[in-house]
Amino acid sequence: MEFERLLALRLNVDIAQLCTIGCCTEGIFQSMDLLGIQPGDEVILPTISFIAAGNAIACRGALPVFCDVDSRTLNATAEDIKEKVTDKTRAIMLLHYGGLPCDVDEIMALAQEKNLYLIEDNACSPFSRYKSRCCGTCGDIGLWSFDSMKILVTGDGGLLYVKDTEKALHAKELVYLGLKQTSGYSSKVDNRWWEFDISCFGRRSIMNDISSAIGIEQLKKIDDFLRRRQYVHEYYMSQLADIDWLTLPPPFPDCVQSSYYLFWIQLRNEEKRDNLARFMREKGIYTTFRYYPLHRVPFFKQNVVLPKAEDAAHRTLCLPIHQSLSEKDMEHIVSVVKQFKQ
Ligand SMILES: *Cc1c(COP(=O)(O)O)cnc(C)c1O
């Protein structure tokens, strides 16, 4: 509760709209329940998304409709999404790639025009801002992850934001066994307080107290974490600027604030990208690509071509970025990139 209260203050929302949960994946699944996504419905999401987003939609019997993304930012634009809207579309599941907010105004206008729900997978962008709004609180539902790979970490954990307070109340029941009351001890009933009713067949997806306690401490340090990440980002931007065989992320618009979750560079083709990744790994530096395009995952049996996302997936590599990276680490990473003979 205290962690929720502090998060509500930080995100500038009502505590009634927030619900801490065991992990973000569970929240993404719950969002399908909350919005009543049915078999046969379509949900549009950028193909550059976390696997859980596709799973949650498909698991429901709905169709995940993967859309293309901008090849520099790896974010879906309103146009990319619009191309995929049909009369079966019910929702958009957005990702703010690497912490950089999408063009939220345009996407919200599209959602409004087509009468679609907007879900934000906010795992990359826990404290990003778009204009005056905190990412994750722009749409109908927002999901945060506090797993060990993220920015604010609690071992495992997540947060669910639900704009509509009535739905938010239902969310709190869904994540705790469907119970309509919190505990027998705190209830006002004078006898047989062990009797109860449920409002739905809920699961148990709440966050535990130990994780919440860690979260409270992490929240005190979050501004330092974000500053440090921004510093690493700017260091890479300046130190790698004169290398002509790689492309840096585009400058971020003034109206947004990133969480600097990922730092990505782009090479001329797949072979060069793969060679750089291997070269850096041999030198003890782990790089990766997030997120492998879901329309290419065979299990989804999708037969679409999304040229911009495919191009980006071939050429993009994520360099290490986190708040514990030392000055020496950063210098070493840059010098190894510069040693790469392509
Ligand atoms: C990590 C991640 C998730 C899932 O978070 P968990 O808390 O580990 O379930 C969802 N979406 C994105 C974009 C992520 O990076």
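Both counts, for ligands and for their atoms, begin at 1 and track the order of listing. Index from 1, following the sequence.
Of the N and O atoms on the side chains of Asn122 and Tyr161, not one donor lies less than 3.5 Å from an acceptor on the other residue. There is no side-chain donor-acceptor pair under 3.5 Å between Ser258 and Ser128. Side-chain contact check for Gln266 and Thr316: at least one donor-acceptor pair (N or O, by modelled atom type) lies under 3.5 Å.
If you check which protein heavy atom lies closest to atom 9 (O) of ligand 1, you get Thr25 OG1, 2.6 Å. The protein heavy atom nearest to atom 4 (C) of ligand 1 is Phe50 CE2, 3.4 Å. When hydrogens are left out, the protein atom nearest atom 11 (N) of ligand 1 is Asp121 OD2, 2.7 Å; that is the closest non-hydrogen contact. Distance from atom 8 (O) of ligand 1 to its nearest protein heavy atom, with residue and atom name: Asp147 OD2, 2.5 Å. Ranking the protein heavy atoms by distance from atom 15 (O) of ligand 1 puts Tyr291 OH, 2.7 Å first.
Here the shortest heavy-atom pairing between Ile15 and Lys172 reads O-NZ, 3.6 Å.
A ring-centre distance under 6.0 Å is found for Phe66 and Phe300. Between Tyr260 and Phe127, the distance separating the two ring centers is not shorter than 6.0 angstrom.
For ligand 1, the atoms sitting less than 4.0 Å from at least one non-hydrogen atom of Leu95 are 13 (C), numbered in the order shown with element in parentheses. Near Cys23, meaning under 4.0 Å from one of its heavy atoms, ligand 1 places the atoms 7 (O), 9 (O). The distance from ligand 1 to the heavy atoms of Cys24 drops below 4.0 Å at these ligand atoms: 4 (C), 5 (O), 6 (P), 7 (O), 9 (O), 10 (C).
Among Gly158, Ser49, Ser145, the residue whose heavy atom lies closest to atom 6 (P) of ligand 1 is Ser145. Of the options Met149, Lys150, Met93, the smallest heavy-atom separation from atom 1 (C) of ligand 1 is shown by Lys150.
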Dump the intermediate steps for ring-ring contact (aromatic ring centres under 6.0 Å, His included) on Phe289 and His314, then the final yes or no. CA-CA 9 Å; Phe289 170 61; His314 287 151; 9.4 Å; no
